[in-house]
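Chain letters run A, B, ... following the sequence lines, proteins first and then strands; every chain starts at 1.
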Amino acid sequence: MSTVPTSGTDTPVERKGLSPRQRAQRSRWIQYAVLVVLVLAAAFSANWGQIVSVFFKPEFIKSTFQDGVLQALVKTLEYTAGAFVIGLAGGTLLALMKLSQVGPYRWIATAYIEFFRGLPAIVVFIAFSLLPLAFPGMTIPWDPYGVVWLALGIVASAYMAEVIRAGIQAVPKGQVEAARSLGMPAGVAMRKIVLPQAFRIVLPPLTNDLILLVKDSSLVFMIGVAADGYELTGFGRDLANTYSNLTPIVVCGFCYLLITLPLGLLARRLEARTARTR
Amino acid sequence: MPLVHAVNVTKSFHHNEVLKGIDLDVDRGQVVCLLGPSGSGKTTFLRCINQLETIDGGRIWVDDELMGYADRDGKLYRLKNKEIAAQRREIGMVFQRFNLFPHKTALENIVEAPRQVKGESKKTARERAMKLLDRVGLADRCNAYPAQLSGGQQQRVAIARALAMQPKLMLFDEPTSALDPELVGEVLAVMRELALDGMTMIVVTHEMSFARDVADTVVFMDGGVVVEAGPPKDVIGNPQHSRTQAFLSRLRSEHEHP
């Protein structure tokens, strides 16, 4: 070990043990070695022929594309975008209600948020699929978009409300005081001064919510949309049943990554930017 | 009646009485400096004038209008938020920490309130904003965001922003306390000019030279009461009360041996 150069100009003292840095280095090499061994063990013990034929069968990959996985991708994007808009609008309204001085507004918002945040999204979707039973003759416009947007948006707004509320409260008190001292009524101060700053603050966590929403859109098959309304998961499941093979679902899974990875990158960028400007 | 007429103003925060009956009259065109140790209630009193704090007792009139309340047969009724907002339009305020809107440029900061509150046209508001920026010496920085401006520049924009509402009264809450020493002068210079132009000003400050040169009246507060008030040459030059003397000598020794 004496050949390892010690950092800086410290005199070459005869050392009994290793320096802290050398010890950290050695433990890191051990961790890498363990990881490599585990990966190799998995690779050698796996039945590669079986894996390819069950998950990555080339002809099914091809036919998944031919059957319209891209249309399903577009549907996923459409469902998510509409739900995000509804979630954002609803979430802002709920956040303002929760910060309101009017008691009943606060209670309603709290009840709504706790209820829909605590409930698994899939339960909400099942309930939604049965709504026409409860209200005979009820129709939601823009089928199937209306139902999907509403169902997803209701759940999303509960999550976003808490994020937006935190953002509003993170705007320094002096901002409201400055707005008030200029004679702005509370509503104008909120709309023009506080909310723009709050949204800037919560942009990174809000992007996170958007990623969750992309994945939650996989639950819309519970509402029972027609085949031409299938988003990625519904499309993949349907095709996997037809082929009796999982390859279409795997392809669809990778399509989700096509959406969520750039969003994750965006979230990190935004976070770095807000960290710099504060 | 004086422009500002405050009678027996009291205010408590959680059983801690911060203002114990403040009386103050400020005539039109006068500059009043509020001096006193921290915790003496100067800032709280200033914030009571434009109703950023509600008062517990007493009354404050600004330009013959009772602030924050309606007086019906001797009984006080709290005004609606909209009505209080309307009263605040007449009173400009400058804060210790500037409180510029960080998402707006210097020009947008100034234009915002006249546009939103008074419904001024974009053109009128912008023209006056540019004139005000010129007056505080920052016309060339009109498109800069607050983060791109020095503290002194931010405070000058904040003064211009308050002036854009064409107030009758300007309140300054320690406007130079958050500034680096070399930036204090430029802000005080703007305030001096404002005083020369005849603006009525109430200034909470620790800047003795400003108080001595500019103020018509100096009010020394301590422990929530007015201890001594009068022309600067009396209160600063020849203080009668022992608490005023102690405060001034402490301030002087801090100045000489920082």
Side-chain angles (χ1 to χ4, degrees), chain A residues 88 92-93 95-106 163-207 269-278, chain B residues 43 46-47 49-53 68 80-104 108-119 145-148 154-155 157-173 178:
Chain A
L88 205 57
T92 308
L93 183 70
L96 291 176
M97 284 171 73
K98 202 161 178 193
L99 295 171
S100 163
Q101 291 179 350
V102 184
Y105 284 170
R106 271 200 318 273
V163 171
I164 296 167
R165 178 194 55 77
I168 292 172
Q169 287 179 319
V171 175
K173 222 174 121 233
Q175 291 291 311
V176 181
E177 290 185 349
R180 291 234 182 105
S181 77
L182 288 164
M184 288 189 204
V188 175
M190 178 57 75
R191 217 174 59 234
K192 290 287 173 180
I193 305 303
V194 177
L195 279 183
Q197 294 183 56
F199 276 114
R200 230 158 276 213
I201 294 169
V202 300
L203 220 46
L206 223 46
T207 322
R269 282 258 171 103
L270 292 172
E271 217 156 326
R273 206 182 65 177
T274 43
R276 241 182 297 130
T277 51
R278 310 194 97 209
Chain B
T43 292
L46 202 68
R47 292 162 60 86
I49 295 176
N50 73 345
Q51 297 290 304
L52 282 184
E53 305 286 356
K80 287 189 207 123
N81 285 335
K82 279 232 164 90
E83 295 167 313
I84 292 175
Q87 289 186 329
R88 287 199 189 107
R89 280 168 217 176
E90 314 283 321
I91 304 171
M93 187 162 193
V94 175
F95 298 86
Q96 183 178 355
R97 308 243 32 139
F98 330 135
N99 295 356
L100 288 182
F101 307 134
H103 59 303
K104 294 181 181 296
E108 289 166 350
N109 261 279
I110 301 172
V111 164
E112 189 67 21
R115 296 269 288 132
Q116 295 296 333
V117 176
K118 285 187 169 173
Y145 284 90
Q148 299 166 318
Q154 287 189 55
Q155 194 61 298
V157 173
I159 293 172
R161 177 176 70 175
L163 290 175
M165 290 297 284
Q166 300 176 305
K168 296 171 187 155
L169 168 69
M170 285 285 283
L171 308 173
F172 293 85
D173 182 13

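Residue B:F95 touches chain A through its side chain alone, counting heavy-atom pairs closer than 4.5 Å. For a residue to count as touching a neighbouring chain, one of its non-hydrogen atoms must lie under 4.5 Å from one of that chain's; by this rule B:I91 touches chain A with the backbone only. In this structure, chain A has a heavy atom under 4.5 Å from the side chain of B:N50, while its backbone stays farther away. Heavy atoms closer than 4.5 Å to chain A are found in the backbone of B:L100, but not in its side chain.
Taking each heavy atom of B:P102 and A:Q197 in turn, the nearest pair found is CG-OE1, 3.3 Å. Here the shortest heavy-atom pairing between A:I201 and A:G167 reads CD1-O, 4.1 Å.
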Give the table of side-chain donor-acceptor pairs shorter than 3.5 Å for residues 176-194 of chain A, with sequence neighbours excluded, one pair per line with atom names and distance.
residue : atom : partner : partner atom : Å
A:E177  : OE1  : B:R47   : NH1          : 2.9
A:E177  : OE2  : B:R47   : NH1          : 3.4
A:E177  : OE2  : B:R47   : NH2          : 2.6
A:S181  : OG   : A:A178  : O            : 2.9

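Considering CE of B:M93 and CG of B:N99, their distance stands at 9.5 Å, rounded to 0.5 Å.
Here B:R161 is the residue among B:K104, B:R161, B:Q87 with the most heavy-atom pairs under 4.5 Å with chain A.
In this view, B:K168 and B:D63, B:E90 satisfy the salt bridge (charged side-chain N to carboxylate O under 4.0 Å, His left out) rule, not counting sequence neighbours.
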